[in-house]
Participant: 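Got a structure here, written out as structure tokens. Questions coming.
We count ligands from 1, going down the list as the structure has it; atoms in each ligand are counted the same way.
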Amino acid sequence: MEKYVFVTGGVLSSVGKGITSASLGMLLQRRGYSVTIIKIDPYINVDAGTMNPYMHGEVFVTEDGGETDLDLGHYERFLGINLSKKNNITTGKIYMEVIEKERRGDYLGQTVQVIPHVTDVIKEHIREVSRDTSADIIIVEIGGTVGDIEGLPFLEAIRQMSLEIGEANRVYIHVALSPYLHTTGEQKTKPIQHSIQELRRIGIQPDIIIARSHMPLDLDAKRKISLYGSVPLEAVINSYDAPTIYRVPLILEEQKLTRLVLRKLALSENNKVDLSEWVGFVNRLEDGLETLKISMVGKYVKLRDSYISIIEALKHAAAFHNVKLELEWFEATDIERGALDVSEVLNGDGVVILPGFGKRGFEGKIKAIKVTREAGKPLIGICLGMQLSVVEVARNLAGLTGANTTEADPNTPHPVVVLQEQQSKLKRMGGTMRLGALPVKIFPNTMAYEVYQSYLVYERHRHRYEVNPDYIGKLESIGLRVSAVSMEDENRVEIVELKKNIHPYFIAYQPHPEFKSRPLNPSPPFKSFIGAVMSLKEYS
Ligand code: GLN
């Protein structure tokens, strides 16, 4: 019998349900259980692919090409496993299926209603992940906050599941914020009490309450939460702010969260749990010996969540090399309109040119690439960052005046980056990019080979444009090597790099290697980049 952990949130969104679920998953996994995690997003979008990263944060891409909520990125990083697009359930997906069934005639004669028809499809989607993965424990995180109108059918579905699977096979965990009132110096628990009441109104009594707070909670506050929340004191767990998200599992483990969960699920506690590797990683991450400054050039820099997988990949690489990173953010649109001096990008010891869509800010990024290339500072470009690196080199090294990507200028005299042929025929936006893990063929005697130490790798993609194969000859003649192509179509460029006699470290990737980076197994491109930044800094 599969076992479920349902995680709900109270008081506010962004209290860290995602990190809590990921941390618990990792701890259960270390006790020998196979775990998968599902994220439920009650919004009506079918997936996150069409959502603006500026509002919603990064779109995380799975191996199978799902465009999902960024929490799936946390799950993959903490658990070290690949998830499927099925692990992200949205209201849009559920309703699309219910309406399709209705049109097909599956419900003939019936009035189609939220209960039971919508809730049945929700439960079926959850069970499908359970069947596909045969995981021992399935964690289901319900996005949003208890009390949101759009979350109700999902809460109802997980209430019903308890009846079907039996109480011993499920745990309800409620994660809610306990705010600190500076004016009176008090830790408040009332908002948590109210959110638990709201949850009970729906028919769910939590088994465990995780109180999020800035500082560690005192016993008084815990007692109150225990009393009003109707859970034993030991089931009030406090997740206080940690220096890094990777410390959260250690904080939860100390308070015996895993033991509580396993007891409730009538599973063996398997006391021997070895977290030493993880602890080593967290310590290196928090206490790195030397600090490196990295300039991050992008368009959505005000919301750091827009680039979360890249930030995490850089951190994994930094911990590997035992250094600390200081990320300095540059808004490409500010560089573009002259409000920010592009030479400031060179304050960094290395430069990351971030992904993006839509021509605003392109010229700012191109300027940043130019100064970085001319200064000989290490540069890594990701996706759009790769495409614009090609544009910059075409214009300024190959002398192709006015070269551009057709995403910015459809009438450019030198379209060095163009829409992929298949893309030009598409009429719909959602889920239509070149998506997911695809084979990349790496050429010998290239920096790309040094990075991966392999001739074939699978990286995840999410793009509509690509380097125009007609210009490869010209670009290679001035020293921009195509060091990897698609295994499926050798005309499709995957990695470019400047020859070492032109620049010590200039490499750019069409895919998004950041999506596969793990704390204990950093992504090779980021590991190599941080290594290069370290050695070139010493040299200068
Ligand atoms: N806008 C570019 C494309 O669609 C780059 C996408 C990206 O950076 N993810 O190809």
Participant: Do His463 and ligand 1 have an N or O pair less than 3.5 Å apart?
Facilitator: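 Not met; the criterion fails.
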Participant: Numbering the atoms of ligand 1 from 1, which are under 4.0 Å from a heavy atom of Arg462?
Facilitator: 6 (C), 7 (C), 9 (N)
Participant: Looking only at protein heavy atoms, which one is nearest to atom 7 (C) of ligand 1, and what is the separation?
Facilitator: Cys383 SG, 2.9 Å
Participant: How far is atom 4 (O) of ligand 1 from its nearest protein heavy atom, and which residue and atom name does that atom have?
Facilitator: Arg464 N, 2.9 Å
Participant: Are any of the side-chain nitrogens in Arg460 or Glu63 under 4.0 Å away from the carboxylate oxygens of its partner?
Facilitator: yes
Participant: Quick one: which of Glu494, His463, Arg492 gives a side-chain hydrogen bond (donor to acceptor under 3.5 Å, both in side chains) with Gln510?
Facilitator: His463
Participant: Would you check, one step at a time, whether the test ring-ring contact (aromatic ring centres under 6.0 Å, His included) holds for Tyr246 with His316?
Facilitator: CA-CA 11 Å; Tyr246 299 106; His316 305 160; 5.7 Å; yes
Participant: Would Pro355 count as being in polar contact with ligand 1, using the rule that some N or O on each side must be under 3.5 angstrom apart?
Facilitator: no
Participant: What is the closest protein heavy atom to atom 10 (O) of ligand 1, and at what distance does it sit?
Facilitator: Tyr465 N, 2.8 Å
Participant: Give me the residue, atom name and distance of the protein heavy atom closest to atom 5 (C) of ligand 1.
Facilitator: Gly356 O, 3.4 Å
Participant: Dump the intermediate steps for side chain to side chain contact (heavy atoms under 4.5 Å, CB included) on Gln423 and Glu466, then the final yes or no.
Facilitator: CA-CA 11 Å; Gln423 291 286 328; Glu466 64 181 355; over 6 Å; no
Participant: Judged by non-hydrogen atoms, does Glu466 sit under 4.0 Å from ligand 1?
Facilitator: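 Under 4.0 Å: no for Glu466.
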Participant: Closer than 4.0 angstrom, basic N to acidic O: yes or no for Asp47 and Lys85?
Facilitator: no
Participant: Taking only heavy atoms of His512 into account, list the atoms of ligand 1 that are under 4.0 Å away from them.
Facilitator: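 Close to His512: 9 (N).
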Participant: Quick check: Leu384 and ligand 1, any N/O pair under 3.5 Å apart?
Facilitator: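 Checking ligand 1 against Leu384, an N or O pair does fall under 3.5 Å apart.
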Participant: Is the closest N or O pair between Gln510 and ligand 1 shorter than 3.5 Å?
Facilitator: no
Participant: Find out whether Val533 and Tyr505 are in side-chain contact, i.e. whether some heavy atom of one side chain is under 4.5 Å from a heavy atom of the other.
Facilitator: no
Participant: What I want to find out is whether Glu124 reaches Arg131 closely enough, with some N-O distance under 4.0 Å, to be called a salt bridge.
Facilitator: yes
Participant: Could you establish whether Met433 and ligand 1 come within less than 4.0 Å of each other, counting only heavy atoms on the residue side?
Facilitator: no
Participant: Using the ring of each side chain (for Trp, its six-membered ring), is Trp329 parallel, tilted or perpendicular to Tyr307, with breaks at 30° and 60°?
Facilitator: parallel
Participant: Please report the closest heavy-atom contact between Leu456 and Pro439, naming both atoms and the distance.
Facilitator: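 Nearest heavy atoms, Leu456 then Pro439: CD1-CB, 3.8 Å.
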Participant: Among protein heavy atoms, which lies nearest atom 1 (N) of ligand 1, and at what distance?
Facilitator: Glu407 OE1, 2.8 Å
